[in-house]
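Structure first, then comments.
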Amino acid sequence: MSDNPLLERMKKEGHDRLLIGGEWREASDGAEIDVLDPSTGEPVASVPSASRDDVIAAVDAAEAASEAWASTPPRQRGEILRRAFEMMIERSDELASLIVLEMGKTFAESKAEIAYAAEFYRWFSEEAVRNDGSITLAPAGDKRIIAIGQPIGISVLITPWNFPAAMATRKIGPALAAGCTVILKPASDTPLTALAIAALMEEAGVPAGVVNVVPSRRSSEVVPAMLDDPRVRKLSFTGSTEVGRTLLEQASKRIISTSMELGGNAPFLVFEDADIDAAVDGAMVAKMRNGGQSCIAANRFLVHEAVADSFAEKFAARMRAVKVGPGMDPGVDLGPLINESAQEDMAESVELATGAGGDVLAGGKAPDRPGFFFEPTVLAGVPADAEVLGREIFGPVAPIVTFGSEEEAVAMANDTIHGLAAYLYTGDLSRGLRVAEALESGMVGINRGLISDPAAPFGGVKQSGIGREGGHEGMKEFLEIKYIAASW
Ligand code: NAD
């Protein structure tokens, strides 16, 4: 028993099982995944761990529902998404408490995630009716060139644990808007939120088989089984670059269309002409949103040498004031990390930075308490070639490096295999735009630490990904363009 009312209701109604073709089922071989509360390390629930047979049954269900869903009028598909948006907002407190339970972030952050996640349904309810094509006269005048977008087909969606609601709706929303049926495999650390959203979508009117959810501890077995199935036409993945690389190889066998939202190593540039207090505010958001466990989290603070001391002191003071504790406790700003290995990674990042000559200005260790916590940490004077700067830190640890010129700052920022997000603070907008254009990243925040927006195209360059989610681009990832040559 947990004291989470939504979880207890899910257990009672069987909504903590696999969802395949509108039925809530056990795994074919009875295997289960324990879901832990990261603030205690204790199990709070167990959900079935889908087998190969289960995921193929999910493909069967997605196929059975596919034709009817693709031919459901776009307005009707949009209205179902719109209802799901409204229901998520109405139930945001209980959904947020489930995120806190299995993922650990604070209640306030969990509520913010539910609002963000729901917005993808609102946005794609509006996009569903805007699947525009084109008709042009061929340059030679011999025919009309008609281009239309058709649903790409059965889509496999794989999501990470760090935003268990938003990463799911950012894929389900556009897929359903486009007329595709889906099989969602959520991260095994956080399957409950995805199951709760799927149950809510059933209530909102999503027909059986359109959304199937198959948590599984056996990803490296069940995902290739789906990708090998000729009925599957799309893979949309959010997760680490390493797993993305493996999945791209697997998808290449059947030339499956892929969208890849992968890891990041975001630079946060502070120029000498920046408003330092505003930059510190932005740093707190860009670093500490989701406890630093975000693909777009500021990972390297690159600060002009003239303002580095003042920025570091102010940033460290703010980080020291962050209250650490279980996500549901009032007044807590920072919850635990997802698991023990994440906690060990933070200690290792601190060691790498101090070993290279960095100084600890705030935090630096795990607090003496149960659960996977780590103190908000600021490391100043880290040399530009320190190994830690090549890592995706994914937690509340902030290394600061100094630079002397704009050119040097851009070169340092681009010195990574990743290219997801970047942030810069300057009082000179023309410098801001010039540097933004020079940065090798899919997204840039100028004088702001928060960039995510369902209406904006989210995605990376280099080894941070392929494709975009959200914006007008999001639904296109689930459409195939057909060209029809016509004479009349
Ligand atoms: P992960 O790559 O370990 O796992 C992501 C998903 O892939 C999970 O569902 C997992 O079960 C599954 N998976 C793992 N191994 C697999 C395999 N061999 N075959 C098939 N599926 C497999 O990532 P994570 O630890 O859950 O999430 C953190 C990572 O996600 C970070 O690198 C972060 O930057 C990235 N991320 C990227 C974005 C983005 O939009 N670019 C957003 C959030 C997180």
Side-chain angles (χ1 to χ4, degrees), residues 33 35 38 47 49-50 52 55 102-103 105 113 116-117 120 156-171 183-191 193-194 213-228 232 235-251 256 258-266 289-299 337-339 341-342 345 391-395 416-421 441-443 451-454 456-471 473-474 477:
I33 301 170
V35 183
V47 304
S49 173
R52 208 183 169 86
V55 298
E102 66 175 348
M103 189 269 160
K105 73 180 82 170
E113 180 183 342
Y116 175 50
F120 284 105
V156 170
L157 316 178
I158 304 181
T159 50
W161 52 265
N162 63 341
F163 290 94
M167 297 302 96
T169 60
R170 196 165 79 171
K171 297 186 190 302
I183 301 138
L184 169 68
K185 195 216 74 66
S188 28
D189 283 325
T190 56
T193 307
V213 185
V214 288
S216 179
R217 269 258 178 254
R218 299 171 265 192
S219 299
S220 55
E221 187 188 326
V222 301
V223 172
M226 289 190 277
L227 300 182
D228 281 345
V232 169
L235 167 65
S236 176
F237 172 76
T238 298
S240 61
T241 297
E242 278 328 295
V243 173
R245 200 186 316 283
T246 304
L247 294 178
L248 277 168
E249 272 172 31
Q250 291 169 1
I256 292 176
T258 55
S259 301
M260 293 275 149
E261 294 287 347
L262 308 178
N265 182 353
R289 176 167 171 253
N290 222 35
Q293 302 174 108
S294 158
C295 52
I296 54 170
N299 207 52
L337 293 158
I338 187 69
N339 53 32
S341 104
D345 279 358
R391 290 186 146 205
E392 186 178 23
I393 292 175
F394 232 62
T416 162
I417 60 164
H418 294 292
L420 192 58
S441 66
M443 299 170 278
I451 56 174
S452 301
D453 191 313
F458 188 107
V461 301
K462 292 159 81 177
Q463 294 190 32
S464 286
I466 302 171
R468 294 292 180 269
E469 291 191 318
E473 290 76 4
E477 302 274 324

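The structure presented is a predicted model; accordingly, all values stated were derived computationally and were not measured. Atoms within each ligand, like the ligands themselves, are counted from 1 in listed order. Along the sequence shown, residues are numbered consecutively beginning with 1.
Not a single donor-acceptor pair under 3.5 Å links the side chain of Glu392 to the backbone N or O of Asn265. Lys105 places a side-chain N or O within 3.5 Å of a backbone atom of Asn162 that can act as its donor or acceptor partner. Between the side chain of Gln293 and the backbone N or O of Leu337 there is no donor-acceptor pair closer than 3.5 Å.
Across Ala342 and Ile338, no two heavy atoms sit closer than the pair CB-CG2, 4.1 Å.
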Where do Thr241 and Gln463 land on the side-chain hydrogen bond (donor to acceptor under 3.5 Å, both in side chains) test, with the steps shown first?
CA-CA 7 Å; Thr241 297; Gln463 294 190 32; 5.8 Å; no
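Closer than 4.0 angstrom to ligand 1 sit non-hydrogen atoms from Ile158, Thr159, Pro160, Trp161, Asn162, Met167, Arg170, Lys185, Pro186, Ala187, Ser219, Ser220, Val223, Phe237, Thr238, Gly239, Ser240, Val243, Leu247, Glu261, Leu262, Gly263, Gly264, Cys295, Glu392, Phe394, Leu420, Phe458.
A donor atom on one side chain and an acceptor atom on the other are not found under 3.5 Å apart for Ser259 and Glu469.
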